[in-house]
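Quick notes on the structure that follows.
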Amino acid sequence: MSEEMGKNIIKKALRKGCDEAEVFVKSGEGLSIEAKNGKVEAMEASRDYGLALKVIKKHRIGFAFATNPDGIEEIIDKALAGAEWTNEDEFSGVPGPVPSGGVKIFDEKITQLREDDIIRDALLLEESALGSDKRIKKVRKAEVSAGSGNTTIINSKGVNISYRSSYYSAHVTTLAEDKGDSQMGWDFSSSRRRSDVHLPTIGNQAAARAIELLGSRKISSVRVPVILSPQVAVDFLDILSASLSSEAVQKQRSFLIGKVGQTIISRMVDIIDDGTMAWRSGTKPVDDEGVPTMNKPLISGGSLQGYIYNTYTAKKDGVSSTGNATRAGFKSLPGVGVTNIYIKAPDSSSGNGLVTSLPRGIHILGAMGVHMANPISGDFSVGISGRWIENGESLYPVKEAVMSGNILDMFKKVEALGNDLTFYGNTGSPSVLIGDMEISA
């Protein structure tokens, strides 16, 4: 969509009686290849276009969208008609323009990839996993995806921004078998730049995760310290980050209501949301309303610094938007979400160092059901797998155990962090050593 076309939509909407208007346009194309048994198992190409119009008339919101730029008059009429049926809301509105800085989110090399290139990458990913150890008998899934897109946001208050972005990702799941036992392993990596995703490493890591759980045994119920591997820690961070949303707080769906300024978790923990990190999956110059993204500490030294906001929730609390307006797609109005959220790693220590420092405990390498944690209380009960540690040595794999607790209570018990910060999508964490946790068999 051209800048002129967007401005014309805004002008027409204003002439037809709305007080404010916003146009959001998203277009993109991509290709996903799945390899299996040395051949292409599945291929999916996509080319998308969506235009959304939000209007505000007498503090009432109207919304309409289309999958092509034709019929603009109809889209405007639908949005205005919708505004007649919504409730008045004094906090509705669109943001004004704020200068935004440049961010690194577009890799020209991705746009030059051909179908054969992505096929070759998917085959390499599968081959890397299968070739790393003879106990890897099967690769359940080896998928590589790449693409690029354009985003345009124009509103009646002067916001006018367009930017290009790209993405590249790889995901593989392996099956290891030995002496009648079988275990699954996986790994995933994504970036806005192809060179950040190293396919052999991903294949080898997925294989290693399956192999290190072979021969798993049950354990008795215990209360011991645990080490969360980065891939497990990010799952718990996702639950915690949901409660950092101002939208969740205002709807009474957060366990962090009224806790700003309080020490809520271990003083060792800093949690940051940063939409400006070069090449990260959640990076962009502005959020989905056109407000610049930023680097902001949400929890510093264990103390809650504040929540994340879009324009609407910020108005409601009398604060400024933090640049965290997110859309599930062009078919929806903006909600509130993180950009790149992560637990800051210390300058020293290491993931392996946490294991060698532990007299007795469990190195948790997998957790099932974290997403089922209660979003209001933070209580959880999850199935875990990992390796039993004794005197700083990883002795044997464990299975069919359950860890129960409360997310805030768990993060209060953080005793050490590794320096192995790893991102999965837009969420990152190092290894995390946590004091005694309840483990049931």
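All values reported here derive from a predicted model rather than from experimental measurement. Just so you know, residue 1 is the first one in the sequence shown, and it goes up from there.
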**Study point:** side-chain contact (heavy atoms from CB on, under 4.5 Å) evaluation trace for Val159 with Ile154
**Key:** CA-CA 5 Å; Val159 168; Ile154 300 174; over 6 Å; no

Review point. Should Asp287 and Ser321 be marked as a side-chain contact (heavy atoms from CB on, under 4.5 Å) after you check the CA-CA gap, both sets of side-chain angles, and the distance that decides it?
Key: CA-CA 10 Å; Asp287 69 6; Ser321 170; 4.0 Å; yes

Practice item. Apply the test side-chain contact (heavy atoms from CB on, under 4.5 Å) to residues Ile227 and Ile362: give CA-CA distance (whole Å), side-chain angles for both, the deciding distance (0.1 Å), then the verdict. Key: CA-CA 6 Å; Ile227 297 170; Ile362 300 175; over 6 Å; no

Exercise for review: Test Tyr167 against Asp107 for side-chain hydrogen bond (donor to acceptor under 3.5 Å, both in side chains), laying out the working first.
Suggested key: CA-CA 8 Å; Tyr167 70 88; Asp107 180 5; over 6 Å; no

Practice item. Walk me through it: do Leu199 and Val144 pass the test side-chain contact (heavy atoms from CB on, under 4.5 Å)? Key: CA-CA 9 Å; Leu199 299 171; Val144 172; 4.2 Å; yes

Practice item. I would like to know whether Thr427 and Asp238 meet side-chain hydrogen bond (donor to acceptor under 3.5 Å, both in side chains); could you show each step before the answer? Key: CA-CA 7 Å; Thr427 309; Asp238 279 337; 2.9 Å; yes

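Using a 4.5 Å heavy-atom threshold, the side chains of Leu51 and Ile72 count as touching. Proximity of Phe188 to Ile202: side-chain heavy atoms (C-beta onward) are nowhere separated by under 4.5 Å. Leu408 is listed as a side-chain neighbour of Leu240, based on a closest heavy-atom distance under 4.5 Å. In this structure, Val94 and Lys54 have side chains that are in contact, with non-hydrogen atoms separated by less than 4.5 Å. Contact annotation: the side chain of Met184 approaches that of Thr173 to within less than 4.5 Å [non-hydrogen atoms, C-beta and beyond]. Using a 4.5 Å cut-off on side-chain heavy atoms (C-beta onward), Glu22 and Leu53 make no contact. Contact check for Glu415 versus Leu433: side-chain heavy atoms found under the 4.5 Å cut-off. Residues Arg193 and Tyr168 form no side-chain contact, since every pair of their non-hydrogen atoms from C-beta on lies 4.5 Å or further apart.
Of the possible donor and acceptor atoms, none in the side chain of Asp317 sits under 3.5 Å from a partner among the backbone N and O of Val319. Ser246 contributes a side-chain N or O that, together with a main-chain N or O of Ile308, makes up a donor-acceptor pair within less than 3.5 Å. Judged purely by atom type and a 3.5 angstrom limit, Thr174 uses its side chain to pair as donor or acceptor with the backbone of Gly185. Within the 3.5 Å criterion, the main-chain N or O of Leu113 finds no donor-acceptor partner in the side chain of Asp117. Asp379 places no side-chain N or O within donor-acceptor distance of the main-chain N or O of Asn406, the cut-off being under 3.5 Å. In this structure, Ser300 contributes its side chain and Pro297 its backbone to no donor-acceptor pair below 3.5 Å. Judged by distance alone, with hydrogens and angles left aside, the side-chain atoms of Asn426 form a donor-acceptor pair with the main-chain N or O of Thr339 at under 3.5 Å. Counting only distance, with no hydrogens or angles, the side chain of Asn374 and the backbone of Ile376 share a donor-acceptor pair below 3.5 Å. Under a 3.5 Å cut-off, the side chain of Glu41 and the backbone N or O of Ala35 do not form any donor-acceptor pair. A distance-only check finds no donor-acceptor pair linking the side chain of Asp274 to the backbone of Asn340 [under 3.5 Å].
A search for salt bridge (charged side-chain N to carboxylate O under 4.0 Å, His left out) contacts involving Glu126 returns nothing, not counting sequence neighbours. The salt bridge (charged side-chain N to carboxylate O under 4.0 Å, His left out) search around Asp187 returns Arg209, not counting sequence neighbours.
Ile364 contributes atom CD1, which lies 11.5 Å from atom CG of Asp235 (distance to the nearest 0.5 angstrom). Here the straight-line distance linking atom OG of Ser431 with atom CG of Leu228 works out to 8.5 Å at 0.5 Å rounding. Distance CG/Leu124 to CD1/Ile119: 13.5 Å, rounded to 0.5 Å. In this structure, CD on Gln305 lies 11.0 Å from CD1 on Ile271, to the nearest 0.5 angstrom. Summarising the geometry, atom CD1 belonging to Ile407 is positioned 7.5 Å from atom OG belonging to Ser243; distances are rounded to the nearest 0.5 Å. Rounding to the nearest 0.5 Å places OG of Ser266 at 10.5 Å from CZ of Phe411.
Donor-acceptor pairing under 3.5 Å is lacking for the side chains of Glu247 and Ser245. Side-chain atoms of Ser381 and Ser404 form a donor-acceptor pair, as typed in the model, at a separation below 3.5 Å. Residues Glu143 and Ser32 have side chains that bring a donor and an acceptor to within less than 3.5 angstrom of each other. Side-chain atoms of Thr313 and Asn310 include a donor-acceptor pair closer than 3.5 Å. Side chains of Ser190 and Ser281: a donor-acceptor N/O pair is present below 3.5 angstrom, by distance only. Checked by atom type, the side-chain pair Asn160/Glu3 shows a donor-acceptor distance below 3.5 Å.
Between Phe91 and Tyr312, the ring-plane angle classifies as perpendicular under the 30° and 60° cut-offs.
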Cut-off 3.5 Å, no hydrogens considered: what does the side-chain donor-acceptor table look like for residues 56-67, sequence neighbours left out?
from  : atom 1 : to    : atom 2 : distance (Å)
Lys57 : NZ     : Glu84 : OE2    : 3.4
Arg60 : NH1    : Thr86 : O      : 2.4

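Taking a 6.0 Å sphere around NZ of Lys344, one finds it holds 12 or fewer heavy atoms contributed by other residues, nucleotides or ligands. Atom CE of Met372 has 12 or fewer heavy atoms from other residues, nucleotides or ligands within 6.0 Å. Shown here is Lys78, whose NZ atom has no more than 12 heavy atoms of other residues, nucleotides or ligands within 6.0 Å. Crowding of Glu44 atom CD: a count of heavy atoms from other residues, nucleotides or ligands under 6.0 Å not exceeding 12. Annotation for Arg47: atom CZ does not count as buried by contact number, only 12 or fewer foreign heavy atoms lying within 6.0 Å.
The shortest heavy-atom contact between Leu421 and Ile343 is CD1-O, 3.6 Å. Heavy atoms only, all atoms of each residue included: Ser162 and Thr152 are closest at OG-OG1, 2.9 Å. Closest approach of Leu354 to Leu417, counting heavy atoms only: CD1-C, 4.1 Å. Of all non-hydrogen atoms in Ile264 and Leu256, the two that sit nearest each other are CD1-CD2, 3.7 Å. Nearest approach of Ala242 to Ala248, heavy atoms of both residues: O-CB, 3.5 Å. Closest approach of Asp196 to Ser191, counting heavy atoms only: OD2-OG, 2.8 Å.
For the pair Arg327 and Phe24, the distance from NZ or CZ to the six-membered ring centre is under 6.0 Å and the angle to the ring normal is within 45 degrees. Cation-pi geometry between Arg192 and Phe106 is not met: the NZ or CZ atom fails to fall both under 6.0 Å from the ring centre and inside 45° of the normal.
For the pair Asp273 and Lys296, the salt-bridge criterion is met [side-chain N within less than 4.0 Å of a carboxylate O].
Under the 6.0 Å cut-off for aromatic ring centres, Tyr424 and Trp186 qualify, their centroids lying closer than that.
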